[in-house]
There are 4 protein chains.
Amino acid sequence: MPAAPPPTAPDLPGASAAKRQQILEGAGRIFAAHGYEGASMSQIARGAGVSKGTLYNYFDSKATLFAAFIQQCACEKLPRLFETIGEERTPEDTLVGIATAMIHLTTSPLSLMLNRIIVSEAATFPHLAETFWQVGPQKAIGILADWLTARTREGTLTVPDPVLAAELFYTLCQTRITGRKRMQLPVDSDPDHIALIARAVTRMFLNTFQTGKGPPVPEPHPHVTA
Amino acid sequence: MPAAPPPTAPDLPGASAAKRQQILEGAGRIFAAHGYEGASMSQIARGAGVSKGTLYNYFDSKATLFAAFIQQCACEKLPRLFETIGEERTPEDTLVGIATAMIHLTTSPLSLMLNRIIVSEAATFPHLAETFWQVGPQKAIGILADWLTARTREGTLTVPDPVLAAELFYTLCQTRITGRKRMQLPVDSDPDHIALIARAVTRMFLNTFQTGKGPPVPEPHPHVTA
Amino acid sequence: MPAAPPPTAPDLPGASAAKRQQILEGAGRIFAAHGYEGASMSQIARGAGVSKGTLYNYFDSKATLFAAFIQQCACEKLPRLFETIGEERTPEDTLVGIATAMIHLTTSPLSLMLNRIIVSEAATFPHLAETFWQVGPQKAIGILADWLTARTREGTLTVPDPVLAAELFYTLCQTRITGRKRMQLPVDSDPDHIALIARAVTRMFLNTFQTGKGPPVPEPHPHVTA
Amino acid sequence: MPAAPPPTAPDLPGASAAKRQQILEGAGRIFAAHGYEGASMSQIARGAGVSKGTLYNYFDSKATLFAAFIQQCACEKLPRLFETIGEERTPEDTLVGIATAMIHLTTSPLSLMLNRIIVSEAATFPHLAETFWQVGPQKAIGILADWLTARTREGTLTVPDPVLAAELFYTLCQTRITGRKRMQLPVDSDPDHIALIARAVTRMFLNTFQTGKGPPVPEPHPHVTA
DNA sequence: CATGAATGAGTATTCATTCAT
DNA sequence: TATGAATGAATACTCATTCAT
């Protein structure tokens, strides 16, 4: 029968994990606001409500802390955003829903921040970009490609290369709104405008991949660029 | 009859302009490699082969030097890249050419570096993003929109909102290769792959905007994602 | 009956207050020797036996450190010098005592240093001059004016404007010795010379303000200026 | 018959002396405004309308230039201020006139600036204080002492130690106004207030040194200190 | 395990001085 | 002689990291 651990030596991970999480959340706020270089460990310690020494008890260095933060964002927060993709009646309705969700996702503060940090720190932290891509875009593309494969099998759509098609759709969703938000340029991002883009994207996609479709329909009310 | 001044002799001190350029090029290398925050004025001085004092004789501050570097990149180097967009026999050939050029452009080291720096420093230097957008993507989109308008007038294409269409085309060109390069992820960027993307993009575009087109043609040889 | 807390243990971290004082003393030596602009934070750190970082843990900036140093000098060290002004038998003895103390005070290294720094930095730190004046000359003048008012009430002296009279007396005490020491000019400052000035000042003062005094007495042994 | 000097080699000192003067005047403005440490050679060059190189053709270093500026101020500008001391009908009128002139002098911007700079730089430039003292206060005291000696000889005044008496008078003139202006403290310096101080100073002086004078007269309208 | 004082190499920037033109 | 571009050491201040408590 093993001896109980001495009460002064908490090798049980409960308190430890909680504090680690507390630090990660504080660090996240600071990294999101100031980027990697712009965030100081003092700020982070203050923001997380711990001392600087404690920071170093949980993470070897600023880089380690940063990597852990990105990992956690990518692995825990991003995936939740994909759970909402459901099944609608028609492929068109489904794709419009996916496009709308994708635009909302890629223009969310969290996604914009992750994109910014990963783009700027990719050279310093190559592993982060890899991770982010796999749990973010790659996963979205995979889900969509699977759906396209299923539609192709049932004859609703005709998609010879579902992965490329999914990538085209994913990229198309960044038209205008996401692209400009990433550079912090002013752009109209209200639901109507997002819906307009989502419909345009879907139409373009279906005009290529819908089985036996007729002539393409022009968009009903053109929207002037800001 | 007085001799004309030699065209290569500027009326401002020649050494001054040359040294300014020398500094800008040195600074460019460092900024490109380390970003704005990560580059130090000492590094830049060493990289440009001048003293720190000289740096400040030519540029008031690090921010000024950085802005001058981005301005020069955006205003002098980027525009040259658009001069190659010529006119081919058919709209399809023209669009494939444009897509190919766009992919080459957006995956060039200069564009990737500018994109990275502007995405990461947009909050600190909002003006730079504006400038870059105007002389880069905005200009490309404008040229393409004008071309689409002309094709619509002559009846070759049917494009009700040429600006949105141009934006969709511009975004589509970032599929797979540009998107991954921006995160420094490994991706096949040889001419064959670029051509494949260019054709896929063009097909998708024409399936929507070509007047009286028949059924869309599926892509001939699928390409597996890395 | 609970034991009193040890008088040497302040409730704020002991090391903190001690180190703060250690820094202030080191800074004082450097500021006194080189003035505000002439003192560098590196010098001060070395002189105080701490690192530059520690300096900034205790004081936000050089200006803050400087202000704290002047404040401490003015508020803690200067006032002690006024406690010695006691009451002698006759007004003449009292005034000679005050004049002697005043000369000693204004020619003390601390006073000379404060005067020098405040005169040179008055434009940069207006608040310091105000503080110094209030806790130094202003206070001395006030005490003397009160004393003159009391003597006037009891009929010993006749001083219609005690504040102006006190200012005249205060200024007179700077004759020869203080005035020259402020410019670091060589001057005899041994007790005999100080006593000579104190008597001359007192005589001049009483010849104006003593009630019903007789003819003024010339000074007994003239002193040649250096 | 000597050959004319080549026009390109101006070894005649005319232009040289003029430029030297031009530099000194420009330097004076900057030194007066910013002090020794606060003035930069670039500022001075700009202010004097010459290049930095030229500065060093005329003065070995910043310290040399500074010393030359103080010398010139002390030797050329200060003495002019003493020429105004004339002879009035009575000793009282003369002394009031001298006191008034002295207060105006010591509160003039030039005097205040010189005093400030010399007090703050006395340790660095001991020679300057010596020079300034000799051509300024020392000279004034000497002139006054001579006048007091003459009055003593003719029996108008009784001044056993004219130099000490002159120093007392000189110091007295710094009461209130000069003392506070030196610390840039707010003080009423309009002519009425200066006249009040001049009369108080003179009365105090004559009460001690006037031959066979009667009881001292109190000041007519007391002035409340600011 | 938590703390935060201490560190010192690092940052952007200034400036007296030199020197080729 | 006059210039001003170039220099590099110095300045105030920051910050990731360590370590005694």
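Residue numbers begin at 1 in each chain, while the letters A, B, ... track the order of the sequences. Predicted model only: the values in this text are computed from it and were never measured.
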Quiz prompt | Any Thr54(C) side-chain N or O less than 4.0 Å from OP1/OP2 of dA5(E) | solution =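 No, Thr54(C) has no side-chain N/O under 4.0 Å of OP1/OP2 on dA5(E).
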
Mind calculating the distance between [atom1] ([X]) and [atom2] ([N]) to the nearest angstrom?
X	N	atom1	atom2	answer
Leu55(B)	dA5(F)	CG	C1'	13 Å
Phe66(D)	dA16(E)	CZ	C1'	16 Å
Lys19(C)	dG4(E)	NZ	P	17 Å
His34(B)	dA12(E)	NE2	C1'	17 Å

Quiz item: Cation over ring, Lys62(C) on Tyr36(C), under 6.0 Å and within 45°?
Solution: yes

Taking only the side-chain heavy atoms of [X] (C-beta and beyond), determine which of [options] contains the nearest atom.
X	options	result
Asn57(D)	dT1(F), dA5(F), dC1(E)	dT1(F)
Ser51(D)	dA16(E), dA2(F), dT3(E)	dA2(F)
Tyr56(D)	dA2(E), dT18(E), dA12(F)	dT18(E)

Quiz item: Centres of the Phe66(D) and Phe59(D) rings: under 6.0 Å?
Solution: no

Practice problem: Mind checking Ser40(B) for me? I need base, sugar-phosphate or nothing, with any heavy atom below 4.0 Å counting as a touch. | Solution: sugar-phosphate

Quiz item: What does Lys52(A) touch in the nucleic acid at a heavy-atom separation under 4.0 angstrom: a base, only the sugar-phosphate, or nothing?
Solution: base

Self-check item: Side-chain heavy atoms of Leu24(D) within contact of Leu65(D), under 4.5 Å
Solution: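 Leu24(D) reaches Leu65(D) side chain to side chain.
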
Quiz item: Between Lys62(A) and Ala39(C), which has a closest nucleotide on DNA chain F that is more 5'?
Solution: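 Whichever sits nearer the 5' end wins; that is Ala39(C).
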
Quiz item: Have His127(D) and Gln71(D) got a donor and an acceptor in their side chains that come within less than 3.5 Å?
Solution: yes

